[in-house]
Amino acid sequence: MNYIEPKTHLAELFRQAVAQVAPDSAVAIELDRPKQASHGDYACNAAMQLARSLKKNPREVAGQIIAALPASERVEKVEIAGPGFINVFLKPVAKQCLVGHVLAAGADYGRSNTGRGEKVQIEFVSANPTGPMHVGHGRGAAFGASLANCMAFAGFQVYREYYVNDAGRQMDILALSTWLRYLELNGEFVAFPGNAYQGDYVKMMAEGIFALHGDRYKRAAVDVGAGVPAAADAPDDHLDALIANAKRLLGPDYDYIHGYALEEQLGDGRNDLTEFGVVFDHWFSERTLHDAGLIDRAVAALQKNGHIYEQDGALWFRSTAFGDEKDRVVKRDNGIYTYFAADIAYHLNKFERGFDKVIDVWGADHHGYIARVKGALQAAGADPDRLIVALVQFAVLWEGGQKKSMSTRSGQYVTLRELRGEVGNDACRFFYVLRKSDQHLDFDLDLAKSQSNENPVYYIQYAHARISRVLQAWGGDVRDLADADVTRLEHVSELALLNRLAEFPEVCASASREMAPHLVAYYLKELAADLHGLYVACQFLVDDEALKQARLALIHATRLALKNGLALLGVSAPDQM
RNA sequence: GCGCUCGUAGCUCAGCUGGAUAGAGUACUCGGCUACGAACCGAGUGGUCGGGAGUUCGAAUCUCUCCGAGCGCACCA
């Protein structure tokens with residue numbers, strides 16, 4: 001028998017039956033998988049939904065629907081239960097034939113076309129290139145990458161992008177920090193500001209420049225500190241004055257320092273993410289927005305629609321007209337565009353590039369920013385509903401019962417690289433997506449590091465490895481398993497595994513639709529549990545040749561689903577551990 | 001003060017668009033390897049789904065309200 005997804009098949013049967021019983025009704029046919037096996041394989045609640053409009057008892061309506069249900073060779077029996085559920089029991093063969101389907105689909109098992117080829121851009125991480133990635137960025141990276149994989153698997157055309165904030169004040173602060181450290185190497189000591197970047201990586205960049213160019217960028221400390229207000233009174237003014245002096249004293253050389261620091265940090269982040277299995281189709285430079293005049297154009301578009309006014313020498317966007325609590329500055333009184341203005345231009349540019357849907361993965365602290373950006377898009381004549389913001393809550397690292405706090409500026413943080421080194425990429429990727437994104441994540445270092453049965457990622461990988469070992473011990477060609485007589489799969493553990501296996505495509509589609517890759521992680525734990533259960537209940541390498549083939553075909557199919565699912569999460573599927 | 005997110009077993013968390021007796025891991029108490037890897041499996045203990053009200057055949061899920069937690073309310077990015 002050819003495999004047909006039972007849900008699709010049954011939904012069609014019910015649709016025909018309901019059309020007879022209640023021709024005018026427009027209820028959507030819903031089929032659930034009951035939690036209890038005694039409630040059958042699928043349950044339909046249509047009778048209860050129709051009872052009111054038909055003014056009949058739900059159980060009576062259920063009886064009529066069942067009577068009108070077309071016959072199917074895949075259905076064992078149908079019964080009325082509880083307040084009016086219609087429970088459907090499938091014939092075993094309708095489940096067993098799934099095995100052949102999975103083996104034929106291979107790496108594509110679980111793939112769907114719910115995305116219909118829609119072009120989606122997912123922008124994620126987008127951390128300022130002012131220091132190493134830390135564990136906070138890791139969650140956005142793991143989430144974004146897994147979401148992108150899930151959506152691609154669900155039939156979307158996915159484009160992964162990283163927005164590089166290479167134009168703002170933070171980059172100037174990094175350039176200044178690097179230069180001050182460089183001056184120290186040259187014997188010129190300027191008090192290092194407390195609000196500059198403190199990390200050792202800044203010193204390493206300074207040493208790098210010194211090794212390449214000696215004292216070429218050396219300037220006298222007295223000149224660097226000339227006319228700078230005291231740090232204690234006005235730390236920000238102090239920093240800005242130092243930056244201004246640096247630009248003046250270095251002239252064109254400032255661009256070199258700035259560019260060096262940018263390239264170093266960007267390269268470091270790219271390597272880090274690549275090792276983490278997180279790759280992008282494009283790294284979009286904020287600077288190019290300025291250089292290409294796209295910000296001028298975006299602001300002009302707002303202005304043309306009458307949403308810009310001038311006050312106190314600055315240009316303001318009337319975002320209160322779009323639900324924001326306060327109007328926002330887009331161009332400061334010093335003539336420099338705000339980050340917000342660049343972001344408007346960036347998002348308009350995303351739409352101009354032809355994406356049907358644009359997803360931003362942001363840290364939860366940016367939630368207040370959503371209304372502003374959407375308002376600006378609307379004001380500029382774009383459809384704000386095409387922008388979807390996925391907020392990811394913070395990850396908090398725990399070790400030995402202690403919370404580890406972090407701050408980029410002070411240089412006190414656990415880097416993503418350190419975390420990966422300690423717990424490994426697989427456990428890291430898995431733990432990051434194990435919670436739904438709007439839930440705070442307690443990242444338990446001790447648990448992630450434990451190479452024991454307590455660690456869920458090993459539980460799943462072990463299931464995969466176990467299957468591989470059995471197939472190795474068997475020694476045959478897995479391609480021959482496609483011909484196995486799957487009707488021999490009758491054991492309760494085998495049927496349970498078949499049911500679970502059949503859910504995989506739905507899970508993948510849900511993970512994409514709800515932007516919830518954690519659904520895949522939870523599913524894989526259950527799939528692994530069913531496999532382990534079967535492993536203990538039944539022996540695979542038995543003397544009965546037909547039964548052996550059938551069981552091997554089943555676990556081979558299971559291994560494919562495990563591998564496909566783990567791949568969505570960026571976790572490896574080892575053949576031995 | 002206003003806004004966003006959250007509150008489920010001792011702990012960490014799932015629970016899909018409202019469905020039947022609310023689940024898993026962990027911890028605790030028992031039990032299972034001369035079979036393909038015990039990094040595994042099985043059984044038990046453990047709940048006023050933060051409190052209250054509403055919507056309906058039916059609510060952990062939707063609405064309102066109160067309590068509590070995190071985050072945000074810049075001419076920063």
Side-chain angles (χ1 to χ4, degrees), chain A residues 28 30 32-36 38-39 43 45 48-49 51-52 57-58 81-85 87 126-128 130 165 167-171 173 236 286 311-316 324-326 328-334 336-340 342-343 363-371 391 393-394 396 398 434-442 444 447 450-456 458-459 461-463 465-467 469-474 493 506-507 509-511 513-514 516 518-519 521-522 525-526 528-529 531-542 548 551-552 555 576-577:
Chain A
E30 291 178 36
D32 288 335
R33 291 174 192 276
K35 290 170 202 156
Q36 271 186 275
S38 63
H39 290 154
N45 63 2
M48 288 180 289
Q49 295 191 313
R52 169 173 273 246
N57 178 311
F85 288 104
N87 292 339
S126 301
N128 285 349
T130 53
N165 303 124
R169 178 168 177 263
Q170 294 305 321
M171 269 310 301
I173 297 175
D236 281 334
E286 180 189 350
Q311 186 182 309
D312 304 332
L315 288 185
W316 296 70
D324 201 0
E325 52 197 17
K326 178 181 181 304
R328 308 290 173 176
V329 171
V330 289
K331 195 172 194 175
R332 302 186 189 106
D333 54 11
N334 63 8
I336 297 174
Y337 284 118
T338 58
Y339 176 86
F340 178 45
D343 233 6
D365 55 335
H366 282 64
H367 64 71
Y369 197 61
I370 300 174
L391 289 179
Q393 292 287 337
F394 292 135
V396 179
W398 291 79
L434 191 54
R435 302 283 171 259
K436 62 180 180 224
S437 56
D438 50 10
Q439 181 77 245
H440 291 266
L441 172 67
D442 284 330
D444 186 337
L447 180 58
S450 74
Q451 306 250 329
S452 74
N453 52 355
E454 292 170 22
N455 197 329
Y458 290 112
Y459 183 81
Q461 290 182 317
Y462 183 49
R466 263 187 150 177
I467 296 169
R469 300 293 275 180
V470 171
L471 292 172
Q472 278 169 27
W474 168 58
S493 294
E506 288 173 48
V507 170
S510 296
R513 188 181 59 244
E514 292 166 38
H518 77 277
L519 294 174
Y522 275 90
K525 287 209 284 189
E526 288 172 344
L531 183 277
H532 289 310
L534 174 63
Y535 191 98
V536 169
C538 300
Q539 196 182 344
F540 305 122
L541 301 177
V542 291
K548 179 168 78 181
R551 285 182 171 163
L552 291 176
I555 64 171
Q576 60 181 30
M577 295 170 67

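These figures come from a predicted structure and were not determined experimentally.
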Ring-base stacking, A:Phe394 with B:G70 (5.5 Å, 30° cut-offs):
no
A:His367 side chain, from C-beta outward: closest of B:U5, B:G3, B:G37:
B:G3
Does the ring of A:His440 lie flat against the base of B:G70, closer than 5.5 Å centre to centre with planes under 30°?
no
Watson-Crick or G-U counterpart of B:G25, or none if no pair lies under 3.5 Å
B:C11
Distance check: side-chain N/O of A:Tyr339 vs OP1/OP2 of B:A77, anything under 4.0 Å?
no
Quick one: are A:Leu519 and A:Glu514 in side-chain contact, heavy atoms under 4.5 Å?
yes
Going by purine N1 to pyrimidine N3 plus the second Watson-Crick contact, or the G-U wobble pair, all under 3.5 Å, which nucleotide sits opposite B:G37?
none
Can you say whether a donor on the side chain of A:Asn87 sits under 3.5 Å from an acceptor on the base of B:A20, or the other way round?
yes
Side chains of A:Arg551 and A:Val470: does their closest heavy-atom pair fall under 4.5 Å?
no
Going by salt bridge (Lys or Arg N to Asp or Glu O under 4.0 Å), name the residues that satisfy it together with A:Arg328, two or more places apart in sequence or in a different chain.
A:Asp324
Side-chain N or O of A:Lys35 versus OP1/OP2 of B:C16: is the shortest distance under 4.0 Å?
no
Quick one: on RNA chain B, does A:Cys538 or A:Ser38 contact a more 5' nucleotide (nearest heavy atom)?
A:Ser38
On the side chain of A:Asn45, is there an atom forming a donor-acceptor pair with the base of B:G19 - under 3.5 Å, no angle test?
yes
Under-4.0 Å side-chain N/O to phosphate OP1/OP2 contact, A:His518 with B:G15
yes
When you check the glycosidic angle of B:C40, does it come out syn, meaning within 90° of 0, or anti?
anti
Using the side-chain heavy atoms of A:Leu541, tell me which of these nucleotides is nearest: B:C36, B:C75, B:G7.
B:C36
Validation row: A:Phe85, A:His39 side chains within 4.5 angstrom (heavy atoms)
no
